[in-house]
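Just so it is clear: chains get the letters A, B, ... in the order the sequence lines come, proteins before strands, and each one is counted from 1.
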There are 2 protein chains.
Amino acid sequence: MGTTNDDGPRTALTRDRVLRAALALADRDGLAGLTIRTLAQELDSKPMSLYYYVATKDQILDGIVDLVFAEVHLPVVGNPWRQEMEHRARSMRAVLARHRWAVGLLESRAAPGPATLRHHDATLGTLRRAGFSLRATAHAYALLDSYIYGFALQEAALPLAGVDSVAEVAAPIMERFADGQYPWMVEIAEGVVMQPGYDFAEEFEHGLELILDAITPH
Amino acid sequence: MGTTNDDGPRTALTRDRVLRAALALADRDGLAGLTIRTLAQELDSKPMSLYYYVATKDQILDGIVDLVFAEVHLPVVGNPWRQEMEHRARSMRAVLARHRWAVGLLESRAAPGPATLRHHDATLGTLRRAGFSLRATAHAYALLDSYIYGFALQEAALPLAGVDSVAEVAAPIMERFADGQYPWMVEIAEGVVMQPGYDFAEEFEHGLELILDAITPH
DNA sequence: CGTCGTTTCGTACATTGTACGATACGCTAC
DNA sequence: GTAGCGTATCGTACAATGTACGAAACGACG
């Protein structure tokens, strides 16, 4: 598992293969682990060989961000907006939970790929077709995406690498607050976060429903 | 302006001075520009000298994140919750707009500083004192922070370096969609984003009001 | 003046992205 | 075959980064 690759006749290199390997590597080792050299190793190749398919590492980042967007449910323009927005939101959260490194990159890429553009277009179209005014669409989109991205950001920050409950992580931290310095944090930690069965991911649904209920076509 | 520093008797180095210089440097050159070497230059010192006050660069990041949190309005436990949450949200957004590099780091630091802890504690306390149940507090907090962070994330991604209107940036991008590939994006761009006077930052207020209206102590 | 704790720094190394140019490969034209 | 050429691969090298290690400079007190 630790070593790199077996032998076997190397499949021909491809821009697509490079990007998919980069995606897998980022998932496994994080963004910092995504290195031209290790990526080349993973592909049973050499660093400079990748540059035949990709001009710069930034293009690799652009590429894997678009791959991530491609995984998100594409809303169907014409379908009931509430159902589609719910589906899209859940899907996006799941995808971003799968690719924890992606949240910080999603919106920061200057060169959005086709899947990214398709996604935005379909989402906007769904709202418009459902009767949302132009401004209402802009408001709804900003609100929804802010919530989704922000939630994913917090979720990605949780240090939950193969941990059963949040309590395992929170407990040692909370011990340092045993003096009464941060009473409210302790209260919430003990009363909610560290309760058996608590799952931060479920918070997502609560907020999503609240937001969707508050949104109207105007 | 391009050169580094004038002469003058160098002020004594301090952990605090190092952190403040790091903060300023990150604001000026971005996270990537925050380098031990340039930071040392900025302080009229040498790279390895900084390591007397700071064990690792990660500690610098921890430090400036806490400085950022210190800039955010600290809610007053006991005050009306809605007013305090509004104030905190606006303040946080402004701070994160000032320090665009910070959004991705805020929640990802494993070692939260005192200002960070105080901030979370005061926010939770304000909700609790206003009658929010434990679970309602957790829900409200997750919802609000998700929205704020997500909004800041999108805002930070906007390539608005000294640009008057979003239109200046959006126009050239939209031209590439002149074919009918992404009709809904074009529609929104032309009908909203590129309208004179449009300011994405104002979207923040809309969403914030919606969310605060939807929140209840339960 | 000597001694010792505090503070500063010079040198060096491993790791990163990638520029540049050489090589290897697979085909077509003679 | 073999000469040539476009496609694909790679070896070497360089600049920039964080920081380990140990030496030096400094300052106060005996």
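Not counting sequence neighbours, the partners of B:Phe177 by the side-chain contact (heavy atoms from CB on, under 4.5 Å) test are A:Leu117, B:Ile173, B:Met174, B:Tyr182, B:Met185, B:Val186. Residues satisfying the salt bridge (Lys or Arg N to Asp or Glu O under 4.0 Å) test with B:Asp66, not counting sequence neighbours, are none. Checked against salt bridge (Lys or Arg N to Asp or Glu O under 4.0 Å), A:Arg135 has no partners two or more places apart in sequence or in another chain. Residues passing the side-chain contact (heavy atoms from CB on, under 4.5 Å) test with A:Pro183 are B:Asp121, sequence neighbours excluded. A search for side-chain contact (heavy atoms from CB on, under 4.5 Å) contacts involving A:Asp145 returns A:Arg88, A:Tyr141, A:Ile148, A:Tyr149, B:Gln154, not counting sequence neighbours. Partners of A:Arg98 under the salt bridge (Lys or Arg N to Asp or Glu O under 4.0 Å) rule, at least two apart in sequence or in another chain, are A:Glu71. Not counting sequence neighbours, the partners of B:Glu202 by the side-chain contact (heavy atoms from CB on, under 4.5 Å) test are B:Asp199. Listed by chain and residue number, nothing satisfies the salt bridge (Lys or Arg N to Asp or Glu O under 4.0 Å) test with A:Asp29 (two or more places apart in sequence, or in another chain).
When the local axes at the two ends of the helix from C:dC1-D:dG30 to C:dC30-D:dG1 are compared, using 5 base pairs at each end, they differ in direction by 30° after rounding to 10°.
Separating the OH atom of B:Tyr52 from the P atom of C:dT8 is a distance of 8 Å, rounded to the nearest angstrom. Atom CG in A:Leu50 sits roughly 10 Å away from atom P in C:dG17 (whole-Å rounding). When rounded to the nearest whole Å, the span between NZ of B:Lys46 and P of C:dT7 equals 19 Å.
Contacts of residues 60-68 of chain A with DNA chain C (heavy atom under 4.0 Å): none.
Of the side-chain N and O atoms in B:Ser49, one or more sit less than 4.0 angstrom from OP1 or OP2 of C:dC9. An OP1 or OP2 oxygen of D:dC10 is reached within less than 4.0 angstrom by a side-chain nitrogen or oxygen of A:Ser45.
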Quick one: what's the B/S/- string for nucleotides 16-29 of chain D, heavy-atom cutoff under 4.0 Å, read 5' to 3'? -BBBBB--------
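Side chain of B:Ser45 to main chain of B:Leu50: no donor-acceptor pair is present (N/O by atom type, distance under 3.5 Å, no hydrogens or angles).
Sorted by first and then second residue, the pairs that involve residues 185-197 of chain B and meet side chain to side chain donor-acceptor pair (under 3.5 Å), not counting sequence neighbours, are A:Arg128-B:Glu187.
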